[in-house]
A.B. asks: 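Once you've had a glance at the structure underneath, I'll fire off some questions.
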Amino acid sequence: MKMPPFKLYSPSSVDEAIQIAKSLQSKQEDFDWISGGTDLIPNYKWHLNPKKNVISLANISQLTELTETTIGGMVRLQDLAESEFTHPVLAKSANSIASIMIRRSGTVGGNICLDTRCYWYNQTEDWRETIDWCHKCDCGTGADCRVIPNQNTLCVATYQADLAPVLMCMEARVHLISTSGKREMNLIDFFELDGMKKNKLLPGELLTHITIPEEISTWSGDYQKLRQRESWDFPEAGVAALWKKKEGKLEKLRIATTGLESIPGYHEDLAMELVENWEGEESIKYLSEKIRKAVKPVPNTWYTPAYRRKMVKVLTKRACKGLLSE
Amino acid sequence: MSDEEKDEMVGYRQQPGKISFSRPGSGGKNSFSEPRDEKMIPESQGGEKKQPWGDHRHDNLITGRVVGKSTSLVDSNWKVTGRAKYGDDIRLPAELIGKIVRSPYHYARVLSIDLSEASKLPGVISIATGEDAKNKFGVLPVTKDEHAMAVDRVRHIGDLIACVAAEDEATALEAVRLIKIEYEILDSIHDMKDGLKDSEVPIHDRGEYHIGEANIQKRVFQEFGHIKSMKENSVASHKKNWFFNGVNHAATEPHAVVADWDPSGRLTLYTPQQVPHYVHRALADVLEIPMHQINVHRTFVGGGFGGKSDPFPHEMCASILARKSGRPVRITFDREEVYWINRGRHPSHIEMNLHADDEGRLCGIETDALIDGGAFASFGHVTTYYNGVLHTAPYEIGAFHYTGARVWTNKPASGAMRGHGAVNSRCAVEVGIDDISEQLQVDPISFRLANLLPPHSATITGFRVTSIGMRECLERVMKESGWKEKFRKMPLGHGIGIGCGFFISGSGLPIHWDPNKFPHATVHLKIDMDGGVTVHTGAADIGQGSDTVVAQSVAEVLGLPLDMIRIKSRETDTSPVDLGSYSSRVTFMNANAAISAAMEIRSDLLNATSEITKAPIEKLVIGDRRIFRKDEPAIGVSYLEALHKAQEDRGALVASGAYRTPPMGRAHKGAAAGLAPAYSFSAYVAEVKVDVETGQTKVEKVWAAHDCGKALNPLAVKGQIIGSCHMGMGQVLSEEMRYGRTGNLMNTDLLDYKIPSVHEMPHVTPIIVESNDPEGPFGAKEAGEGPLLPILPAVCNAVYDAIGVRTNELPITPDRLHKNIERKCRELKIDDPNDLPSPRLEHSKLQDTLEKRAKEHSIRDKERRLTSEIEPYHNGALFGMDPTIPPDEVDESWEVTVIPSEEYLENPRLAGSAWVHTERRKRGI
């Protein structure tokens, strides 16, 4: 399999990276950022929207900061999983990503900005030619979506990354930088419902780090994940639950899901409903059913949508199990 | 030289013609010979090794050197140091890179191919299309239906249309893009059931032999035994319709080939092939040159499992391009091309019916197997038979009805894969026995133990079974797994299950020639003055260790260390013709050939020793690089002395040994399919954990007993058992070739084709059972394919034991199992699957009957394997027939039928409906 040729830039600071981006943009040349490369390189090999230029972030040490409240975009997933600063739920989700070799290369920023995935898209160029391409990588043909034909407006590729739901529950903020300056926003607001657009990153914009509120360290929770194999596989469904109790009483609960739609789902209202009407096991059952109804997976991953919805119910129940025991 | 070493030389006098290294024990890495390992030498030969299964014809050849000892494979250092050259590692000067133009359509007529733009591209050296090679080929001589590249039609996505050779890969790829092809799209067939129907443009045309106008490639009908009375006599019946998804071998190494026409005008093809000889033949056919102009050079093979045993179109393409360009051409597959060439296990619809009578005997097996061949025949002719005939043992049965059909569809071709043709129907039989045992309220292991064929018996279709270690396999796994404490006694979600296997150890008939005229395997030996033995064999080492087993056999007979044996097995120029690595034949046939060649050399050495020492030959024994008097070990000569003596007047010693199967089998149509000189047996117990809420199954432990006759290299046998477990676990739990809504294969990569990872791998306890096969080399049988069979049903049965739910589709992915759990909950009106009842067993009276019979049979079997005068035993004796006469000769109601009756055709089963069609020649077309 042959990757299309590209020019690789290796800046050693964020400023330098932005300068390179600026000069490429001024020449109307498109480019991709590359961090761990575990997602981008396979996609390039399969000719999935490859660019002529690639800017590597590997040499930028500023981006590898890792404390209880700050996680650099270039922190390796395995480092996150092993760090003493990492919240146990975040560590659990990080540790469940792909395989150890991929975790040693893959990064936090890369995982959050992971390209959405689809059976009709994550295929080689020759394969995609046999289905006459698809909406997400149409090779100039204006091809339709192959999952839900005759709609041609929205890409339904699935967001299958593990960190986002946990970080959403932590109310993490993402910090971005581009040629037009810095900005930050809640991770909850970061994603965009189109599987092609994926998130709010502007062309040439870069995720530098995320920040987590300090008080999160006192919260408890769990992350539950559905997949065929305990290694390699992307989540077919994932549920993160984080809660705070005060004197044995449930005070706050946050629930987020992944692997079910084009964006991770944040279920604020359902979580609040549970806190307000907390009646133990029955409430969890009720919430699980509500979450099942709230997600709308499509047939573009390994398991069927019906099964994934049923399982999100089971996963929610299991993720919330800790609510009962403490 | 140290004083000590000088002492060794005392008594030795330098003589003309004798070289100084010929002192006692010389040769090998260690220059001094070691005492014979008495523990490895059978008691009958004066050693300490007990042989509970009796003596063996090769016992007198045992020198205690290597056989039976765990040894790393002779080529392992090459692999672990990265020095082994696989297909894509071959680099020849001035090589070109070849790329293949493949069909983007399932089924289409190729109207025109425009090469003009591609051929103008700088760096493109040659382009070839179907026009360049119009002759058909195929692995089986009776079903040649492949072309190097499309002639007229493409038959599946990925089918070959043209190929390009260019200076580099990028140019070749660009040229592929520039080739313009016009197609007329034809209606494609994806569901194998549609393949049974008449079609406007059948995928292949068999001329006058075409069956109806349908896409039926092969159909089989067989009825043996008391067909008419089996249902009347049954008190318990099992019926299940299975669907088995197709699986791919997914060998680590993708296919890769280099073709080179050398300056003398000969073609050398470097290819990781399991069966170099068939490629050799096919190349000669396709290229229209004599076979002696071709040298097939087998590279290291990075995993075959049956996936590299056909002659392949890309091998033809590389050769054609190399001929056109005058330069070497290399073609390496991407992973998805591996899936497009496929030859994996057939997707199959199997209907399995079992009947048991009031004495707990299997009074009937009825199987109907419709298998999806994809676009080409490949090994399918054989597969169609194997799906039936390979489950006629190890149980004695009262009747056997089999209907099988293989259809062409517009998918990548299915073919031979580890456990060829036997795996799916075996799973269905073993699950059926579990169900029947439950209906009869008996332990399924007791049921099996009371229904086994004895050693030296004939199966219902007339296979000659020699050694059988099935009983010991069952007893060992039962004991080691703690079966009696666990079966039907564990809490919900935890289960244990049993499955058995039966497989051929070498196919009885060579498909290209008369077995009475040519041997299956030939081995040449050559020994010159250095004492090292050069072994020429055509057996293809595909990682299974065939080089090692041949080296071991020679080393054992000649009493040499393994490092003195040099295996030359790569090139057809130097190695004798061999059928290759398939049907688990290599250890059995090549080691036998190697032993007979070594026996010739051995005889030369003994004669020479006798001449030097004046000792009579019958008093001489071979030890480690030393030949001496058994009664007076001080009198003897070193191996090299004997060798040099034997070389006088003739130079290097050469010898040739061969193996051919004895005449076997019966005379009905298809009687040869499944015939083998020996059969392997296995029994596995699997322990699983099932999450009832998600349907996820985790196999925790496996006890795997395999009867390989004799473990020549126990390390390799254990490796095969564990590897088979892994591969079979893939098929039962997660691996499948998944075809999507549009008929496209959706998972042509190793992320979405779910091979179990190390996390899924259970702890496997390999148990070797040695039944000492009378015809096997030193008693050995196969261990490469048979061990895969039992893991599938063992896991299925364990899942049932855990949650009381049976599946009928493999793999048992969590979503499929979850559906079945939901169904069960609905049936039982249970809301929470955690409340499902666990299956429990209360023995009926039949249990005692079975245990008693098993005990009697155990005594019978022991007697039969040790006596020298063996009475015939034909399947049917358990049902009161005379064991010494084939039942059809004495009982008119005992059917032997291979053509369906009119009555059957009125209401045929699924695959059986293939017989509704009439061949064209019989319709006068």
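Here is the naming used below: chain letters follow the sequence lines, and residue numbers restart at 1 for every chain.
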A.B. asks: Side chain from CB out, backbone as N, CA, C, O: work out which of these in Leu226(A) comes under 4.5 Å of a heavy atom of chain B, or both, or neither.
C.D. replies: side chain
A.B. asks: With a 4.5 angstrom heavy-atom cut-off, which part of Lys310(A) approaches chain B: side chain, backbone, both or neither?
C.D. replies: side chain
A.B. asks: For Tyr339(B), which atoms come within 4.5 Å of any heavy atom of chain A: side chain, backbone, both, or neither?
C.D. replies: neither
A.B. asks: Check each atom of Lys819(B) against the heavy atoms of chain A and say whether the ones under 4.5 Å are side chain, backbone, both or neither.
C.D. replies: neither
A.B. asks: For Arg318(A), is it the side chain, the backbone, both, or neither that has a heavy atom closer than 4.5 Å to a heavy atom of chain B?
C.D. replies: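 Side chain of Arg318(A) only, per the 4.5 Å heavy-atom cut-off to chain B.
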A.B. asks: Less than 4.5 Å to any heavy atom of chain A: does that hold for the side chain of Glu822(B), its backbone, both, or neither?
C.D. replies: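 Contact with chain A: side chain only.
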A.B. asks: What part of Glu693(B) is in contact with chain A, defined as an atom under 4.5 angstrom from a non-hydrogen atom: side chain, backbone, both or neither?
C.D. replies: both
A.B. asks: Quick check on the interface: out of Trp302(A), Tyr303(A), Trp120(A), who has the most heavy-atom pairs with chain B under 4.5 Å?
C.D. replies: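 Between Trp302(A), Tyr303(A), Trp120(A), the count favours Trp302(A).
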A.B. asks: In terms of heavy-atom proximity below 4.5 Å to chain A, should Asp691(B) be classed as side chain, backbone, both, or neither?
C.D. replies: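 Interface part for Asp691(B): side chain.
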A.B. asks: Could you look at Arg117(A) and say if it's the side chain, the backbone, both or neither that has a heavy atom under 4.5 Å from chain B?
C.D. replies: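 Just the side chain, heavy atoms under 4.5 Å.
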A.B. asks: I'd like to verify something: which residue of Glu230(A), Arg229(A), Gln123(A) has the highest number of heavy-atom pairs under 4.5 Å with chain B?
C.D. replies: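 Answer, by heavy-atom pair count under 4.5 Å with chain B: Arg229(A).
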A.B. asks: If you tally heavy-atom pairs under 4.5 Å against chain B, which of Asn122(A), Val314(A), Thr301(A) wins?
C.D. replies: Val314(A)
A.B. asks: Measuring heavy-atom distances to chain A, does Arg102(B) have an atom under 4.5 Å in its side chain, in its backbone, in both, or in neither?
C.D. replies: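 Interface part for Arg102(B): neither.
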